[in-house]
Amino acid sequence: MSWEAFLALGTLDNKNSKEDFSMTVLALKLSAYANGVSKLHSDVSRDMWKGLYPGIPEDEIPIDDVVNGVHSKTWMSPHLYNLFLRYGGPSMINDLADFSIWNTVKKIPDDELWAMREQNRRIMIEYMRKKLKQQLKSKGLHAAEYGDINKVLNPKTFTIGFARRFATYKRGDLIFRDLERLKKIFCNEDYKVQMIIAGKAHPADQAGKDIIKRIIEISNLPEFRGKIVFIENYDLDIASYLVQGVDVWLNNPLRPLEACGTSGMKAAINGGLNLSVLDGWWDEAYNPDVGWAIGERFTYDDREKQDDIESDIIYGVLEKDVLPLFYTRDSDDVPLEWVKMMKQAIIELGTGFNSHRMLRDYVEQYYVPAEKSFSELQQNNFAAARELTEWGKKIVDHWEKVKITKVTSEGDAFINKGHSFHIEATIKLGDIQPENILVECYYGHLDNQEKFSKTKTIRMEKVGDDKDKAIFRASIPCDKGGRYGYTVRVLPGHPQLAINTLPGLIKWYQ
Ligand SMILES: *Cc1c(COP(=O)(O)O)cnc(C)c1O
């Protein structure tokens, strides 16, 4: 293979010698399947890489989604795990792919689930105090200079967790945007609040390091001292205490830059509730029964304005919704409505966002079909693979000559519900055989702007020849009365092809 041919695999435009080689383009061109790690991420990816698929409608660009999940056994606290065993029976853990086990949470009495939460918060706080001591010591400071470490953080107080790499798009200092407002929240004696922040920045990311510096300064202000704590060198150990102990997990990236995010899932399976921007996984996971949303599915042109609006929402939701719910207790000091949300979050988010579900999706959508395809292609010393490669070359070489010359329809302009109409297309194929193409009718109900409102595709079958042309036909079922719009397209077709929407290989009737 020539160096030029190889480099061309990593660029959108082979003729543009200035274009940088892109690993993503290389991967998309050489892979049978591609996916994003959340629904929103795959939407964003289809938009980002549409240049690679000219002529293919954006929603058909072959980048699907498999949303990430977290490994429950790793991230769930042993105390909650023991409650699962007690109320679900020991046999339940033998079938981890049976997601109905998450319903076991319903059987756990509210006060026991709450006691687990209070216990995990206490354990987390003891751990964080220990970390804080080490942190001070490593800087040559005596713990005493910080005041009494054992008075830092309160095991009974509502606790927000925030931890991540301090990449700037994650907006690590958004909650500190209006310090006066935040002070008011932190100084309200009726609704006590504290916050644990952990993280690190990439050594080369000066902006990220500056954010951390500012947070540490703020945490030393008298109003926040002992209530806002920054823990350095975020790692798996710190993460595990944090996601098991916090009441609310805060996540406020700039939408739609977070591909998925997994920390909020780790918190959720421990009964922590998410307060997050509708980005990554939260865009598809959020509903008001399991947590809170920061803002809408909307990006402002003005970044400053967006930060103002969204920080304001964080303060408002904390004051009006989160804190009152947390501090409304029954006679046994259990916040029943809060516990109800915890249970719903554990059931819904545990079921949807665990790694068993994720792996099963990958296996069913990609690994099994890929393995099946490989086992067919490798037989007889890769005879079918060679044949497919030759076929592909021929399609690419002769694709130029493929042309849809005529499309006609039979049926009324207005179609009654349950009726159908026929479409016939005449296609000039040049040197390509009819069995090597996939002909589809692309159709939909016409809206009042004469546009297809929702499109569907139906395969057209070859019904005859007309000299050097082939005739294809389909009957279009109409499940809705009205006027229909349609067109016809040709794609490459081969039984061994994983996807038909290949870069550059699509022809539409014009
Ligand atoms: C889960 C985890 C991450 C990833 O967090 P996201 O929410 O996916 O950004 C990073 N670091 C540690 C230590 C973690 O446990």
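All ligand and atom numbering here is 1-based and tracks the order in the structure.
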Engineer: Any side-chain heavy-atom pair from Asn274 and Trp292 closer than 4.5 angstrom?
Structural biologist: no
Engineer: Quick check on Trp249 - does any of its heavy atoms sit under 4.0 Å from an atom of ligand 1?
Structural biologist: no
Engineer: With heavy-atom distances below 4.0 Å as the criterion, list the atoms of ligand 1 near Ala239.
Structural biologist: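 Taking each heavy atom of Ala239 in turn, ligand 1 has 13 (C), 15 (O) under 4.0 Å.
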Engineer: Consider only side-chain N and O atoms of Asn270 and Arg117, and report whether a donor and an acceptor are under 3.5 Å apart.
Structural biologist: no
Engineer: Using 4.0 Å as the upper bound for N to carboxylate O, is an ion pair formed by Lys305 and Glu310?
Structural biologist: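 Salt bridge between Glu310 and Lys305, a charged N being under 4.0 Å from a carboxylate O: no.
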Engineer: Which part of Ile238 is near ligand 1, with near meaning a heavy atom under 4.0 Å away: side chain, backbone, both or neither?
Structural biologist: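 Neither; nothing of Ile238 gets under 4.0 Å from ligand 1.
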Engineer: What protein heavy atom sits nearest atom 5 (O) of ligand 1, and how far away is it?
Structural biologist: Ser263 OG, 2.9 Å
Engineer: Measuring from non-hydrogen atoms of Arg164 to any atom of ligand 1, is the shortest distance under 4.0 Å?
Structural biologist: no
Engineer: Give the intermediate values and the outcome of ring pair (Phe, Tyr, Trp, His ring centres under 6.0 Å) for residues Tyr327 and Trp338.
Structural biologist: CA-CA 9 Å; Tyr327 283 110; Trp338 186 276; 8.9 Å; no
Engineer: At less than 4.0 angstrom from any non-hydrogen atom of Trp75, what atoms of ligand 1 do you find?
Structural biologist: 15 (O)
Engineer: Which protein heavy atom lies closest to atom 12 (C) of ligand 1, and at what distance to 0.1 Å?
Structural biologist: Tyr234 CE2, 3.6 Å
Engineer: What I want to check is whether the side chains of Tyr87 and Glu112 have a donor and an acceptor closer together than 3.5 Å.
Structural biologist: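 Yes - a donor-acceptor pair under 3.5 Å links their side chains.
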Engineer: Evaluate the criterion side chain to side chain contact (heavy atoms under 4.5 Å, CB included) for residue pair Trp249 and Phe162; output intermediate values, then yes/no.
Structural biologist: CA-CA 6 Å; Trp249 191 264; Phe162 185 91; over 6 Å; no
Engineer: Please list, in number order, the atoms of ligand 1 under 4.0 Å from a heavy atom of Lys266.
Structural biologist: 1 (C), 2 (C), 3 (C), 14 (C), 15 (O)
Engineer: Kindly assign one of parallel, tilted or perpendicular to the pair Tyr366 and Tyr362, based on the angle between their ring planes and the thresholds 30° and 60°.
Structural biologist: tilted
Engineer: Please could you name the atoms of ligand 1 that Lys170 approaches to less than 4.0 Å, counting only its heavy atoms?
Structural biologist: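 Heavy-atom distances to Lys170 below 4.0 Å select 9 (O).
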Engineer: Quick check on contacts: which atoms of ligand 1 are under 4.0 angstrom from a heavy atom of Gly261?
Structural biologist: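 So the answer, numbered in order with elements, is 7 (O), 8 (O).
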Engineer: Does Thr262, backbone or side chain, put an N or O under 3.5 Å from an N or O of ligand 1?
Structural biologist: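 By distance alone, the answer is yes.
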Engineer: Ignoring hydrogens, what is the shortest heavy-atom contact between Ala268 and Ile346? Give both atom names and the distance.
Structural biologist: O-CG1, 3.5 Å
